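Heads up: the structure comes next, in structure tokens.
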Protein chains: 2
Amino acid sequence: MKRNTWQREAVRSALGTQMGFVSAQGLHSSLKNSGSHIGLATVYRALADLAQEGEADSLQSPEGESLYRACSLEHHHHLICRSCGLTVEIEADEVEEWARRTAQQHGFSRPEHVVDIFGFCSACVPPVPA
Amino acid sequence: MKRNTWQREAVRSALGTQMGFVSAQGLHSSLKNSGSHIGLATVYRALADLAQEGEADSLQSPEGESLYRACSLEHHHHLICRSCGLTVEIEADEVEEWARRTAQQHGFSRPEHVVDIFGFCSACVPPVPA
DNA sequence: TTGGTATTGAAAATCATTATCAATACACTG
DNA sequence: CAGTGTATTGATAATGATTTTCAATACCAA
Ligand SMILES: [Zn+2]
Ligand SMILES: [Zn+2]
Ligand SMILES: [Zn+2]
Ligand SMILES: [Zn+2]
């Protein structure tokens with residue numbers, strides 16, 4: 001059976017203090033800076049569990065890293081700052097409907113969609129434009 | 001200046017024969033099986049270039065791998081079969097507009113969005129439902 | 001307490017991707 | 001066509017994130 005350890009609680013808690021998505025490595029650093037002696041592998045395991053159980057949302061950064069965040073339970077999407085990670089949860093019934101309709105039109109079943117927007121929040125000055 | 005090598009052409013060509021997204025490793029294997037002696041690093045470089053120049057689309061698989069595909073030039077999104085990889089290009093002005101509007105409403109600049117739908121195509125019987 | 005077993009974590013193992021760097025192949029010139 | 005400057009190649013080492021190992025440890029039910 002699943003056990004309760006201070007480590008899991010520490011990860012859950014630390015994730016809650018984050019403003020946006022964080023990587024396992026990032027959360028681990030954060031925990032260490034707070035004096036925790038939790039192991040990196042444990043953070044990876046805890047985050048995977050939280051995501052699995054629906055307590056956390058996870059997504060792949062454009063660079064391919066797995067990022068996690070404690071989010072609301074309902075299905076939603078994200079507006080993420082590429083610089084500071086600030087995340088805004090957004091609902092988009094419009095998009096939900098579009099995804100459903102599109103999948104159906106092409107005969108695809110059990111559709112799941114990935115819909116996230118990355119940009120620079122008002123507090124972050126956009127780096128040198130292309 | 002940029003040079004034309006058989007390697008680049010081989011990658012471009014091989015990518016064209018794929019019906020869905022492929023990883024660099026996968027395309028390299030495919031090329032080798034066809035008798036090519038192209039190097040893995042070169043495939044990575046060629047794919048990165050093609051993506052850069054807009055000749056190929058790239059996205060992250062749910063497992064975090066970078067996948068590539070020869071796609072049409074205009075901005076579009078994808079409907080991908082989780083089983084056979086079959087990919088359908090879809091346009092969604094509706095979503096483009098929504099993404100732009102949403103980013104703006106929250107003060108985000110230089111927005112980029114990730115919008116893809118994964119499901120099972122009509123030719124693939126959905127595996128055991130959850 | 002005690003015993004059975006999840007869980008932990010330091011370190012090693014994976015794996016995809018990138019960097020090295022000497023050798024090679026292009027493109028252009030004469 | 002030969003000669004030159006340099007972009008490209010590719011075997012291999014290096015990176016970096018994530019996973020696995022596995023002995024030590026912490027949970028928790030009894
Ligand atoms: Zn979320
Ligand atoms: Zn920001
Ligand atoms: Zn495409
Ligand atoms: Zn299919």
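Just so it is clear, the structure is predicted and the values come from calculations on it, not from any experiment. Atom set for the values below is all heavy atoms of this structure, side chains included, hydrogens, waters and symmetry mates excluded. Chain A is the first sequence line, chain B the second, and so forth, proteins listed ahead of strands; every chain is numbered from 1.
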**Message:** At less than 4.0 Å, is any side-chain N or O atom of B:Y44 found next to OP1 or OP2 of C:dT18? Yes or no.
**Reply:**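 No.
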**Message:** Would you say A:T42 places a side-chain N or O within less than 4.0 Å of OP1 or OP2 belonging to C:dT7?
**Reply:**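 For C:dT7, OP1/OP2 do not have a side-chain N/O of A:T42 under 4.0 Å.
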**Prompt:** NA contact type, A:S66, heavy-atom cut-off 4.0 Å: base, sugar-phosphate, or nothing?
**Reply:**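 Sugar-phosphate, backbone atoms only, no base.
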**Asked** Mapping B:N4 and B:A41 to their closest nucleotides on DNA chain C, which lands nearer the 5' end?
**Response**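 Upstream on the strand: B:A41.
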**Message:** If you assign each of A:H37 and B:Y68 to its closest nucleotide in DNA chain C, which residue comes earlier from the 5' end?
**Reply:**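 This one resolves to A:H37.
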Whole angstroms only, please: what is the [atom1]-[atom2] distance between [X] and [N]?
X     : N      : atom1 : atom2 : answer
A:Q52 : D:dT19 : CD    : P     : 13 Å
A:R8  : C:dG9  : CZ    : P     : 11 Å
A:L40 : C:dA11 : CG    : C1'   : 12 Å
B:L27 : C:dA16 : CG    : C1'   : 15 Å
B:R3  : D:dA7  : CZ    : P     : 6 Å
B:Q7  : D:dG10 : CD    : P     : 4 Å
B:E63 : C:dC15 : CD    : P     : 14 Å
B:M1  : D:dT8  : CE    : P     : 9 Å

**Pair B:H113-B:H75, ring pair (Phe, Tyr, Trp, His ring centres under 6.0 Å): steps then yes or no** = CA-CA 11 Å; B:H113 52 275; B:H75 178 76; 5.0 Å; yes
**Request:** Check for a donor-acceptor pair, side chain of A:H76 on one end and backbone N or O of A:E89 on the other, with a separation under 3.5 Å.
**Result:**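 Answer holds: no.
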**Request:** Compare all side-chain heavy atoms of A:I117 with those of B:E112 and state whether any distance is below 4.5 angstrom.
**Result:**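 Side chain of A:I117 against side chain of B:E112, heavy atoms only: no contact under 4.5 Å found.
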**Message:** For a quick test of reading the model, state the closest non-hydrogen atom pair linking A:S83 to A:F120 and the distance between them.
**Reply:**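 Smallest heavy-atom distance, with atoms named: CB-CD2, 4.0 Å.
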